[in-house]
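Reviewing the structure listed below.
Whatever order the structure lists ligands and atoms in, that order sets their numbers, starting from 1. Atoms considered below: every heavy atom in the structure, side chains included; atoms not considered: hydrogens, waters and symmetry mates. Only a predicted model underlies this, so the values are computations on that prediction, with no experimental measurement involved.
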Amino acid sequence: MTWETIVKSHHYLTLLPNMRDYDEEYRFFNWERARDELEGLPGGNGLNIAHEAIDRNANGARRDQLAIRWLGRNGEMRDFTYIQLRGLTNHFADVLRKLGVEKGDRVFSLLGRIPELYVVAMGTFKNRSVFCPLFSAFGPEPIKSRLTIGGARVLVTTEALYRRKIAPIRDSLPFLEHIILVGENHQHTNVPGTLDYYQLIYEASGHFIIQHTDPEDVALLHFTSGTTGTPKGAVHVHKAVVAHHMTGSYALDLQDGDIFWCTADPGWVTGTSYGIIAPLTNGVTVIVDEAEFDVERWYSILQNQKVSVWYTAPTAIRMLMKAGTEVAREYDLSSLRFLASVGEPLNPEAVVWSHKTFGRPFHDNWWQTETGGIMIANYASMDIRPGSMGKPLPGITAEIVNRNEDGTLDPIKDPDKHGELALRPGWPSMFRAYWNEPERYQKCFSDGWYLTGDLARKDADGYFWFIGRKDDVIKTSGHLIGPFEVESILMEHPAVAEAGVIGKPDPMALEIVKAFVVLKPGFLPGEDLKLEIIGFARSRLGAAVAPKEIDFTEDLPRTRSGKIMRRLLKARELGLPEGDLSTLESSPDA
Ligand code: ATP
Ligand code: MG
């Protein structure tokens with residue numbers, strides 16, 4: 001084959017990244033053109049997420065293609081094509097319509113990762129109601145507060161979850177009109193005061209015409225992870241789908257024929273924007289795994305399902321690293337083409353490890369519940385700088401800003417200077433409000449910028465580097481230290497699996513750096529190892545930045561979305577109140 005024929009062959013073309021030239025695309029991109037990649041509702045009737053994700057594909061060439069492959073906890077498997085999803089989501093939209101649930105009404109889900117969750121989400125969009133997913137592992141209190149804040153009209157849950165978590169609080173939820181129960185194994189349910197999901201679906205029509213949907217109509221209410229405090233309800237509109245679609249293509253490089261696995265639960269925004277919407281609008285096949293993290297299970301899924309694009313989080317990657325490269329070698333992971341990570345800073349060590357283990361690097365990207373979609377990323381066509389979040393998406397203006405005394409903000413021109421990461425408002429998936437908290441929302445904006453609450457720096461080539469959350473940054477003897485920098489170096493020590501770093505108040509230094517360290521299997525905690533790790537950190541970071549104190553611990557406190565809760569490490573260290581623990585992974589009331 002000549003070079004020319006190789007280049008022309010379809011096979012070769014599909015291996016080229018969607019975005020070939022970042023600089024050019026960044027320069028010429030505009031959101032109107034991105035919107036034109038989507039179809040819009042028939043007859044110019046607006047823009048609806050579910051139409052773009054499902055019906056547009058079901059009405060066209062992807063009609064019989066696999067949209068979702070569901071892997072059950074006990075080995076079951078269920079497949080859904082685009083046309084099947086169109087029917088099922090029409091049924092659920094019709095269920096809502098018949099119940100009198102209207103545009104703008106909040107439909108909550110409290111479901112594990114089961115197929116019905118995906119049908120409920122999309123059916124809710126079709127009915128123009130507002131979808132609000134909750135982690136099924138939440139305890140009654142976090143569930144109650146979110147249902148109350150969001151003014152839920154409908155809740156879809158399972159019979160088992162209902163009995164354990166909703167029945168005890170039902171009396172305090174007078175506004176909650178309909179509770180729909182999904183029975184085990186498609187069984188009908190018969191619980192007084194509730195409706196049966198399968199009965200309703202069975203009685204509903206498979207034909208549903210989506211009514212006029214203004215791109216600014218509210219589609220999603222998503223609570224933040226609660227890493228820094230009480231979770232906030234971020235409001236997103238149907239137009240967000242333009243950003244989901246574009247970022248799925250540019251930042252995750254989703255291409256025709258891809259098998260995509262986003263490991264996040266839809267209780268966290270990544271599981272909705274990229275576990276449901278973006279892959280479906282891009283017409284790929286989505287893998288959904290009902291089970292929780294397990295090293296062997298995950299490698300089996302990557303191998304057996306021939307996953308080509310994998311989107312996961314640093315916590316999971318660190319756990320895979322802890323299990324060792326040899327385990328990965330037992331599997332054929334050759335289908336993997338693109339690996340991405342989000343949620344926390346990705347330690348450079350993890351990028352190096354992934355190169356060694358998968359022959360491919362993890363691509364870190366940065367975003368928040370508030371931004372609705374990926375904002376800064378390492379792209380398939382760009383050289384990765386391990387430890388960097390990458391560069392802003394086309395259509396996104398990001399800067400490191402400095403606050404002047406008069407409250408105005410100036411982008412920092414000097415490379416590598418620390419400041420707050422700020423974005424120019426106006427991208428389609430930007431949150432439109434914090435539910436019922438207008439003041440908190442207003443506070444995020446200043447002088448024409450959206451302030452993210454994260455500190456970062458930008459290098460001379462335009463790559464962004466995460467320093468830390470404003471609340472987590474450590475001030476010691478005139479230095480400003482981000483915990484991530486220290487944690488990443490600690491992880492380079494052969495005994496360290498994970499580390500969480502905080503500032504501990506100190507009369508002399510203002511704060512001292514303290515690290516909580518989880519050891520790899522085979523290493524025993526002890527004074528010698530402590531001194532060795534401190535010495536190692538000193539040689540790499542200098543005495544001012546290296547931890548002065550180390551505590552060994554079995555595990556670090558984490559949110560359900562997998563983020564280290566440094567505020568909790570700190571509160572426990574200082575014996576202070578622990579604050580809002582609703583999103584803590586091992587929450588006592590779950
Ligand atoms: P809350 O705002 O309630 O405290 P949260 O900020 O953890 O919770 P999310 O919206 O889920 O809630 O998380 C977004 C935050 O996660 C970002 O602001 C940032 O601090 C962190 N983050 C996400 N991706 C990255 C990344 N690639 N590198 C560094 N930090 C990241
Ligand atoms: Mg936040």
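The protein heavy-atom contact nearest to atom 12 (O) of ligand 1 is S225 N, 3.2 Å.
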- Query: Going through the checks in order, is the side-chain contact (heavy atoms from CB on, under 4.5 Å) test met by W367 and T247?
  - Reply: CA-CA 11 Å; W367 60 291; T247 52; over 6 Å; no

- Task: Dump the intermediate steps for side-chain contact (heavy atoms from CB on, under 4.5 Å) on S273 and H236, then the final yes or no.
- Result: CA-CA 11 Å; S273 295; H236 289 287; over 6 Å; no

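Looking at T452 next to ligand 1, no N or O pair under 3.5 Å apart turns up.
In T227, the parts holding a heavy atom less than 4.0 Å from any atom of ligand 1 are both the side chain and the backbone. The side chain of F466, and not its backbone, has at least one atom closer than 4.0 Å to an atom of ligand 1 (non-hydrogen atoms only; side chain from C-beta on). Contact annotation: for W268 versus ligand 1, heavy atoms closer than 4.0 Å belong to the side chain alone. Only side-chain heavy atoms of D454 come within less than 4.0 Å of ligand 1; its backbone N, CA, C and O stay farther off. Under 4.0 Å from ligand 1, the heavy atoms of N365 that appear belong solely to its backbone. When heavy-atom distances to ligand 1 are checked against a 4.0 Å cut-off, R469 comes that close only through its side chain, counted from C-beta outward. Contact annotation: for E344 versus ligand 1, heavy atoms closer than 4.0 Å belong to the backbone alone.
Short contacts between ligand 1 and K563, defined as distances under 4.0 Å to a heavy atom of the residue, involve ligand atoms 7 (O), 9 (P), 11 (O), 13 (O), 14 (C), 15 (C), 16 (O). Near V342, the atoms of ligand 1 lying under 4.0 angstrom from a non-hydrogen atom of the residue are 24 (N).
Checked by atom type, the side-chain pair D258/S308 shows a donor-acceptor distance below 3.5 Å.
For S129, the side chain to side chain donor-acceptor pair (under 3.5 Å) partners at least two apart in sequence or on another chain are N127.
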Which donor-acceptor pairs under 3.5 Å do the side chains of residues 561-572 make with protein atoms, sequence neighbours left out?
{"unit_1": "S561", "atom_1": "OG", "unit_2": "S225", "atom_2": "OG", "d": "2.8"}
{"unit_1": "S561", "atom_1": "OG", "unit_2": "T559", "atom_2": "OG1", "d": "3.0"}
{"unit_1": "K563", "atom_1": "NZ", "unit_2": "G343", "atom_2": "O", "d": "2.9"}
{"unit_1": "R566", "atom_1": "NE", "unit_2": "E487", "atom_2": "OE2", "d": "2.8"}
{"unit_1": "R566", "atom_1": "NH2", "unit_2": "E487", "atom_2": "OE1", "d": "3.0"}
{"unit_1": "R566", "atom_1": "NH2", "unit_2": "E487", "atom_2": "OE2", "d": "3.4"}
{"unit_1": "R567", "atom_1": "NE", "unit_2": "T227", "atom_2": "O", "d": "2.8"}
{"unit_1": "R567", "atom_1": "NH1", "unit_2": "E578", "atom_2": "O", "d": "3.4"}
{"unit_1": "R567", "atom_1": "NH1", "unit_2": "D580", "atom_2": "O", "d": "3.2"}
{"unit_1": "R567", "atom_1": "NH2", "unit_2": "G226", "atom_2": "O", "d": "2.7"}
{"unit_1": "R567", "atom_1": "NH2", "unit_2": "D580", "atom_2": "O", "d": "2.8"}
{"unit_1": "K570", "atom_1": "NZ", "unit_2": "G503", "atom_2": "O", "d": "3.3"}
{"unit_1": "K570", "atom_1": "NZ", "unit_2": "E511", "atom_2": "OE2", "d": "3.0"}
{"unit_1": "R572", "atom_1": "NE", "unit_2": "E578", "atom_2": "OE2", "d": "3.1"}

